[in-house]
Amino acid sequence: MSRNNLRRRALPALSLLSLAVCGGLHAEVPATQNDWGGIGLLQTPTARMADEGEFAFTASHTSPYTRYSVAMQPFPWFEGIYRYANVQGVRYGPEWFSGDQNYKDKSIDFKIRLWEEGRWLPEVAVGARDIGGTGLFSSEYVVANKRFGSIDASLGLATGYLGSNGGITNPIGWVDEDFKTRPRASSDITQAGKFGLRYLLHGPVGVFGGVSWQTPWEPLLVKLEYDGHDYDDEVRIGRLEQDSRINVGLLYTPRPGVRITLGWERGNELLATLTLRGNLKNTPRPARWLDPPKPPLRSEVARNADASASSKSPADATGSAPQGADAEAIAASNDHPLLPGHTWESVDVELRRSAGFYVQKVEVNDHEVILHGTQLKYFYPTEGLGRAARVLDTAIDPSVDWVTLEYTRQNMPIAQSSVSRNALNAYAQGDIDLTEMARHVEVNPPGSSREGEVVYEGPKGRRFDYHVSPGLNEIIGGPDGFFLYQLTANLHTSLRVNDSTWLTATTAVDVHNNFRKFKYDAPSNLPRVRTDIRHYVTTSDVTIPNFQVTTVHALGRDLYGMAYAGLLEMMYGGVGGELLYRPVGQRWALGVEANWVKQRDFDQKFSFRDYEVATGHATLYTHFGNDGRVQVATSAGRYLAGDWGVTLDVSRMFRNGVVMGAFATKTDVSSAEFGEGSFDKGIYLSVPMDLLLPRSSQVRSRLMWHPLVRDGGARLQRKYSLYSLTGERDSHFYFDNIEYIDP
């Protein structure tokens, strides 16, 4: 037997022997990223998972590959990765449009944990690498992990790239001979984006595995692995020298969010990896030093008054608050339920300042104050409710226990939330816990409270408003350059026509861009509904991306309607409308939108091109899971290129409002007609700015990884949607964050 064959068989046997050892001792060997951005060793994955909610960016280099990966852990059992690989020395395309840019390969990975580690059983996961497209790195695997004290051992079997060294006949080949061989991967971009079914589970099976050792010095981890990939025939590269199948690396963690790995791979190449990571699920809110202080509750005022009175002499104490008949006389002389020294005008001002609540009108019945209006400051609705209740607590008679906010958007009643003042005081003093406090908070449809006397109507909002913000248009991973961008300064203006109708306009001024490199119009077998983007971002320095009139109305207790017309987005103008049925507290909603649009001229002013289309979709929103935080939005209808199909959008929202999601669109357009990418897809991350700023904000920051701009499966980018305008109807999110009722 040759030395290579002996080594090939001995190393897996030793790994199997290590897994057979009793696993009674467990140590905290951390789950860390590999070269490819997922949890693993160096070149190989393990069965371990990051903590739920983790987000990691990894950049690694082992010649000739440089990899940039984004990994997200939306569930404890699921890992998703999106990656760009730069192939050094291989050009993206002809020099006339890509210059000296290296070839870029886009890929998506996933890993699913089948079960967790037990006393005797290892943790086991299955996964796939580079599941769609050219298949340069495509692989499917099953891997097991077991901890032995300060060592975490892994052993896996793989088809494709991870196991290309082979050695084991594919057992599926006993059923179908086709599975015994694997088609050769191709860097042809026309294959990019296709699901690799032609590769799936095909080819010989190879072995991989290794160990992580947590050294006595906590920041240092040692990794040793057996690499099951055969480097003799890399696509578009040829043979890479491999002096050893043993890779070794040292991982150093200088601080919790940073990991640095240096290693030696293939027996002849240096590895360098940098990982930046954080847990978005558990991200703490920064100190809110730019927010106004919380208004005091009556119990807090009384406690402070008692403390102040006890520090005075008996003679001084007699001059404190009115008692007995005097207090009754003052209360009787005041307009119920306001206490002396307060007016509804002054309460309105304080509600805006401290609670971000803009009052339209106030109703009062014998046990409740109902504030109709809009909350525009606090991301967590319970925080806005708690602050509003605090404002009223020292301003109205204690006999009125309940404070109710009826939320409206553009005069559309959305939902009601209510809190007991007595319970809020008891919670603030520590007399009841949060669970008991939650029993005194309600979320109901609008109009659920018993009507009362209208005692105040707030001032009308400003008819005209404006603000300035930056804008960014970008294309990532294209043949003209890895990152093409345009930075703009945007002026947003709005004019309120009436309570339900308003006009908006956006003017964008080009500040800086590198789109001069943008020379490539992607081939298309469909109407160019999106692939003309190059002309839209380079034709004019001053553009009008949006100029539209919008009107919204509540058509019933759970039914809403919207109509709009104008320049709806940078590429299209026209008319359209939407209907949404969304019952309060339910885990589903149904929306329908229909539009007739015409393609705008490239200068994004007020002229149009010849192309026009009717487009629209029906969308079913459903929530799953015990906490209702998994949302699936399924849309079916007609897209901008006239194609018919379905878009599936799956997202996970954590309690703090962070969203991790992915979407895919498949229409009746064939892969050949669609072109590069085969079908539309992408992943995204949405983070509330409330978690990043020292002041409260309802704004979200959204990061989207959209591999390609294509014409198939393209949707109208509408400025408003009824589902987002009716967010207060999500009672699950409301009670998920009940602790913010009095943070």
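When a residue number appears, it is its place in the shown sequence, counting from 1.
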Legend entry - Short side-chain to backbone donor-acceptor contact, Thr283 and Asn279, under 3.5 Å: yes
Inset, instruction - Return the minimal non-hydrogen interatomic distance between Gln73 and Phe654, and the atom names on each side. - result: O-CZ, 4.0 Å
Inset, instruction - Answer with yes or no after comparing the ring centroid distance for Phe55 and Phe57 against a 6.0 Å cut-off, counting only values under it. - result: no
Inset, instruction - For the pair Asn145 (side chain) and Ala47 (backbone), establish whether a donor and an acceptor sit closer than 3.5 Å, ignoring hydrogens and angles. - result: yes
Inset, instruction - Evaluate the side-chain hydrogen bond (donor to acceptor under 3.5 Å, both in side chains) criterion for residues Arg259 and Gln33: first the C-alpha distance (whole Å), next the side-chain angles of each, then the deciding distance (0.1 Å), finally the verdict. - result: CA-CA 9 Å; Arg259 288 170 174 165; Gln33 285 74 22; 2.9 Å; yes
Inset, instruction - Could you tell me which non-hydrogen atom of Ser701 sits nearest to which non-hydrogen atom of Met689, and how far apart they are? - result: CB-SD, 3.6 Å
Inset, instruction - Run the salt-bridge test on Arg239 and Asp233 with the 4.0 Å N-O cut-off and return the result as yes or no. - result: no
Legend entry - Pair Arg530 + Asp680: basic N to acidic O under 4.0 Å: no
Inset, instruction - Please check if the side chain of Lys223 supplies one atom and the backbone of Gly263 the other of a donor-acceptor pair under 3.5 Å. - result: no
Inset, instruction - Compute the ring centroids of Tyr252 and Trp217, then answer whether they are less than 6.0 Å apart. - result: yes
Legend entry - Side-chain donor/acceptor of Arg182 to backbone N/O of His202, under 3.5 Å: yes
Legend entry - Pair Phe137 and Trp36, ring centroids less than 6.0 Å apart: yes
Legend entry - Cationic N near anionic O, under 4.0 Å, Glu117 to Arg147: yes
Legend entry - salt bridge (Lys or Arg N to Asp or Glu O under 4.0 Å) partner of Glu52, the single match among Arg655, Arg629, Lys281: Lys281
Inset, instruction - Return yes if some donor-acceptor pair links the side-chain N/O of Ser244 with the main-chain N/O of Ile246 below 3.5 Å, else return no. - result: yes
Inset, instruction - Answer yes or no: is there a donor N or O on one side and an acceptor on the other, between the side chain of Gln43 and the main chain of Asp227, under 3.5 Å? - result: no
Inset, instruction - Look only at the side chain of Asp711 and the backbone of Ala714, and say whether a donor-acceptor pair between them is shorter than 3.5 Å. - result: no
Legend entry - Distance (rounded to the nearest 0.5 Å) between Leu224 CG and Leu41 CG: 8.5 Å
Legend entry - Tyr639 and Thr665, any side-chain heavy atoms less than 4.5 Å apart: yes
Inset, instruction - Name the orientation class of the two ring planes belonging to Phe75 and Trp77 (parallel below 30°, tilted from 30 to 60°, perpendicular beyond 60°). - result: parallel
Inset, instruction - Please lay out, stage by stage, how Arg67 and Ser60 fare under the test side-chain hydrogen bond (donor to acceptor under 3.5 Å, both in side chains). - result: CA-CA 5 Å; Arg67 301 180 180 95; Ser60 70; 4.5 Å; no
Inset, instruction - Assess whether side-chain contact (heavy atoms from CB on, under 4.5 Å) is satisfied between Leu114 and Val126, documenting all intermediate values. - result: CA-CA 7 Å; Leu114 299 183; Val126 296; 3.8 Å; yes
Legend entry - Exam field: side chain Ser107 to backbone Asp130, donor-acceptor pair closer than 3.5 Å: no
Legend entry - Polar side-chain atom of Asn165 near backbone of Gly228 as donor-acceptor pair, under 3.5 Å: no
Inset, instruction - Quick one: closest heavy-atom pair of Tyr684 and Met72, and the distance? - result: O-CE, 3.9 Å
Legend entry - Salt-bridge contact Arg48-Asp152 (side-chain N to carboxylate O under 4.0 Å): yes
Inset, instruction - In sequence, state the C-alpha distance, the side-chain angles, and the governing distance for Ile683 and Phe663, and then conclude on side-chain contact (heavy atoms from CB on, under 4.5 Å). - result: CA-CA 6 Å; Ile683 63 174; Phe663 69 90; over 6 Å; no
Inset, instruction - Give a yes or no on whether Tyr68 atom OH has more than 12 heavy-atom contacts from other residues, nucleotides or ligands under 6.0 Å away. - result: no
Inset, instruction - Please indicate whether Trp115 has more than 12 foreign heavy atoms, meaning atoms of other residues, nucleotides or ligands, lying under 6.0 Å from its CH2. - result: no
Legend entry - Intermediate values then yes/no, side-chain contact (heavy atoms from CB on, under 4.5 Å), Asp35 and Leu271: CA-CA 8 Å; Asp35 304 3; Leu271 157 73; 3.5 Å; yes
Inset, instruction - Check step by step if side-chain hydrogen bond (donor to acceptor under 3.5 Å, both in side chains) holds for Ser524 and Arg710. - result: CA-CA 8 Å; Ser524 180; Arg710 301 302 302 166; 4.8 Å; no
Inset, instruction - Without swapping roles, check the side chain of Asn170 against the backbone of Gly203 for a donor-acceptor pair under 3.5 Å. - result: yes
Inset, instruction - Could you pull out the closest heavy-atom pair between Glu269 and Arg266, with the gap in Å? - result: CG-NH2, 3.1 Å
Inset, instruction - May I ask you to decide whether Asp109 forms a salt bridge with Arg83, counting only side-chain N to carboxylate O separations under 4.0 Å? - result: yes
Legend entry - Nearest heavy atoms of Arg113 and Pro76, plus distance in Å: NH2-O, 3.4 Å
Inset, instruction - Test Ile39 against Asn34 for side-chain contact (heavy atoms from CB on, under 4.5 Å), laying out the working first. - result: CA-CA 6 Å; Ile39 298 299; Asn34 61 16; over 6 Å; no
Legend entry - Tyr65 vs Glu234, side-chain hydrogen bond (donor to acceptor under 3.5 Å, both in side chains): CA-CA, chis, key distance, verdict: CA-CA 11 Å; Tyr65 300 116; Glu234 298 290 281; 2.6 Å; yes
Legend entry - Val211 side chain reached by Ile151 side chain, heavy atoms, under 4.5 Å: yes
